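Please read the structure below before turning to the comments.
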Amino acid sequence: MESLHFAAARGAASLFDLTGRLALVTGSSRGIGRALAQGLASAGASVVLHGRGGAALESSATALAESGGTVFTTSFDVTDAAAVRSGVEALLSDHGTPDILVNNAGVQRRAPFTEFAAADWDEVIATNLSSAFYVSRALAPAMAERGSGKIINIGSVQSVLARQTIAPYSASKGGLVMLTKGMAADLARHNIQVNMLSPGYFATDMNEALWGDPVFNDWVINRTPARRWGRVEELVGTLIYLASDASAFVSGQNILVDGGMTSVV
Ligand code: NDP
């Protein structure tokens, strides 16, 4: 019954406390990644913002630091295994071993299936799926050596349901479900929990073509039991759960934060 004493002694809220933890969120220069980094900072974590460099990364870091967070930045291309290795090595030596890794960087390309360019297929698979493998493979040994870690892969409704014109994206996000389970299988023994957070439809740069289209906008609202798009801050509670001691015995799971979309036809 140690767990009951443990919870009572610490207080339930402290299970979600990330004070003193260090988090790397890939693709956090903007959009969902930026909101996730902000959410982790609000729970007490120091965060490493990441992108391919440029003004968005710097302005996001400045904004987060001004709101009171401890923020660092790093830049590397998540599709380049060698760049990931050297980026992660520099991060480890500058800031120590992250407690939390959020594999969030992603890209979307749309075309009818028979017209999909091979280069676009490669880019989507590399950015959304191979990246999580490269970054996690580079970081997990340091987490294992410390004896703890949290890895959260960012999926999508397309992790479980397909849609016209985005077959490569669906393949990448579906692949992440099994990568998450495979990593959980290898890493749980090192007290590293690997899980997945899959957002529904959230209005960001990536899907401007969707929320800018009144027909698609109506479709999302009618298709979602909550009758609206998600707000990026609504991903934070689930993320903190998966990033904290509250999920210490949870691994290989995919939690959909989608206003009920994938529960209905
Ligand atoms: P955005 O396009 O707004 O942001 C993408 C982020 O990924 C940017 O920070 C970008 O950095 C980074 N990135 C892209 N390619 C690379 C690369 N090769 N190397 C390093 N960084 C890269 O996307 P969203 O915020 O909308 O999406 C974030 C994640 O959430 C994705 O995995 C997406 O699939 C997922 N998602 C989004 C949904 C939505 O409704 N928006 C719904 C479900 C899932 P840079 O500054 O370098 O461009």
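Since the structure is predicted, the reported quantities are computational estimates derived from the model, not experimental observations. Counting starts at 1 for both ligands and their atoms, following the listed order.
You'll find the side chain of Asn254 reaches within 4.5 Å of the side chain of Val160, heavy atoms only. At least one side-chain heavy atom of Val78 sits less than 4.5 Å from a side-chain heavy atom of His50.
Only the side chain of Thr127 comes within contact range of ligand 1, with a heavy atom under 4.0 Å; no backbone atom does. Using a 4.0 Å cut-off between heavy atoms, Ser29 contacts ligand 1 through both its backbone and its side chain. Counting heavy atoms closer than 4.0 Å to ligand 1, residue Tyr169 contributes side-chain atoms (C-beta onward) but none from N, CA, C or O. Neither the backbone nor the side chain of Gln158 has any atom closer than 4.0 Å to an atom of ligand 1 (non-hydrogen atoms only). Contacts with ligand 1 closer than 4.0 Å are made by side-chain heavy atoms of Asn207 only, the backbone lying farther away. Contacts between Ser198 and ligand 1, counted as non-hydrogen atom pairs separated by less than 4.0 Å, are absent for every part of the residue.
Counting only heavy atoms of the protein, atom 18 (N) of ligand 1 lies nearest to Asp77 OD1, 2.9 Å. Protein heavy atom closest to atom 44 (C) of ligand 1, with residue, atom name and distance, is Gly155 O, 3.1 Å. Ranking the protein heavy atoms by distance from atom 24 (P) of ligand 1 puts Thr204 OG1, 3.6 Å first. Taking atom 1 (P) of ligand 1 as the reference point, the nearest protein heavy-atom neighbour is Arg30 NH1, 3.4 Å. What sits closest to atom 43 (C) of ligand 1 on the protein, heavy atoms only, is Pro199 O, 3.4 Å. The shortest contact between atom 12 (C) of ligand 1 and any protein heavy atom is with Gly27 CA, 3.5 Å. Closest to atom 5 (C) of ligand 1 among all protein heavy atoms lies Gly106 O, 3.8 Å. Taking atom 27 (O) of ligand 1 as the reference point, the nearest protein heavy-atom neighbour is Met206 CE, 3.8 Å.
Residue contacts with ligand 1: Gly54 is excluded, as none of its non-hydrogen atoms falls under 4.0 Å. Contact annotation: Ala126 has no heavy atom less than 4.0 Å from any atom of ligand 1. Ligand 1 has at least one atom lying under 4.0 Å from a heavy atom of Gly200. Using a 4.0 angstrom heavy-atom cutoff, Lys173 counts as in contact with ligand 1.
For the residue pair Asn103/Ser136, the side-chain donor-acceptor check at 3.5 Å is satisfied. Defined by atom type and a distance below 3.5 Å, a donor-acceptor pair is present between the side-chain atoms of Ser60 and Arg34.
Annotation for Ala61 and Thr73: closest pair CB-CG2, 3.5 Å, computed over non-hydrogen atoms. For the residue pair Lys173 and Asn128, the shortest heavy atom distance occurs at CE-ND2, 4.2 Å. Between Ala41 and Leu64 the shortest heavy-atom distance is CB-CD1, 4.2 Å.
In this structure, Thr165 OG1 and Arg109 CZ are separated by 13.0 Å, a value rounded to the nearest 0.5 Å.
Every atom of ligand 1 is numbered from 1 in the order shown, and the set under 4.0 Å from a heavy atom of Gly31 is 3 (O), 25 (O). When each atom of ligand 1 is checked for a heavy atom of Phe202 under 4.0 Å away, the hits are 39 (C), 40 (O), 41 (N). Near Ser28, with a cut-off below 4.0 Å to any heavy atom, the atoms of ligand 1 are 9 (O). The contact set between ligand 1 and Asn104, taken as ligand atoms under 4.0 Å from a residue heavy atom, comprises 28 (C), 29 (C), 30 (O), 31 (C), 32 (O). Close approach of ligand 1 to Phe76 is summarised as follows: ligand atoms under 4.0 Å from at least one heavy atom of the residue are 19 (N), 20 (C).
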| Where do Leu161 and Val157 land on the side chain to side chain contact (heavy atoms under 4.5 Å, CB included) test, with the steps shown first? | CA-CA 6 Å; Leu161 294 174; Val157 163; 4.3 Å; yes
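Note on Ile152 and Val47: same hydrophobic cluster, where clusters join Ile, Leu, Val, Met, Phe, Trp and Tyr whose side-chain heavy atoms are under 4.5 Å apart, directly or indirectly. Cluster annotation: Leu179 and Val102 are assigned to distinct hydrophobic clusters (Ile/Leu/Val/Met/Phe/Trp/Tyr, side-chain heavy-atom contacts under 4.5 Å, transitive).
Of all the listed residues (Thr79, Ile32, Leu49, Asp205), Ile32 holds the heavy atom that lies closest to atom 37 (C) of ligand 1. Here the shortest heavy-atom distance to atom 19 (N) of ligand 1, taken over Val107, Val78, Leu36, belongs to Val78.
Checking side-chain atoms of Gln193 against main-chain N and O of Val250 turns up no donor-acceptor pair under 3.5 Å.
With respect to the salt-bridge test (charged N to carboxylate O, under 4.0 angstrom), the residues Asp245 and Arg21 qualify.
Classified by interplanar angle (parallel below 30°, tilted 30° to 60°, perpendicular above 60°), the ring pair Phe216/Tyr201 is tilted.
Here the two rings, on Phe76 and Tyr134, have centers that are 6.0 Å apart or farther.
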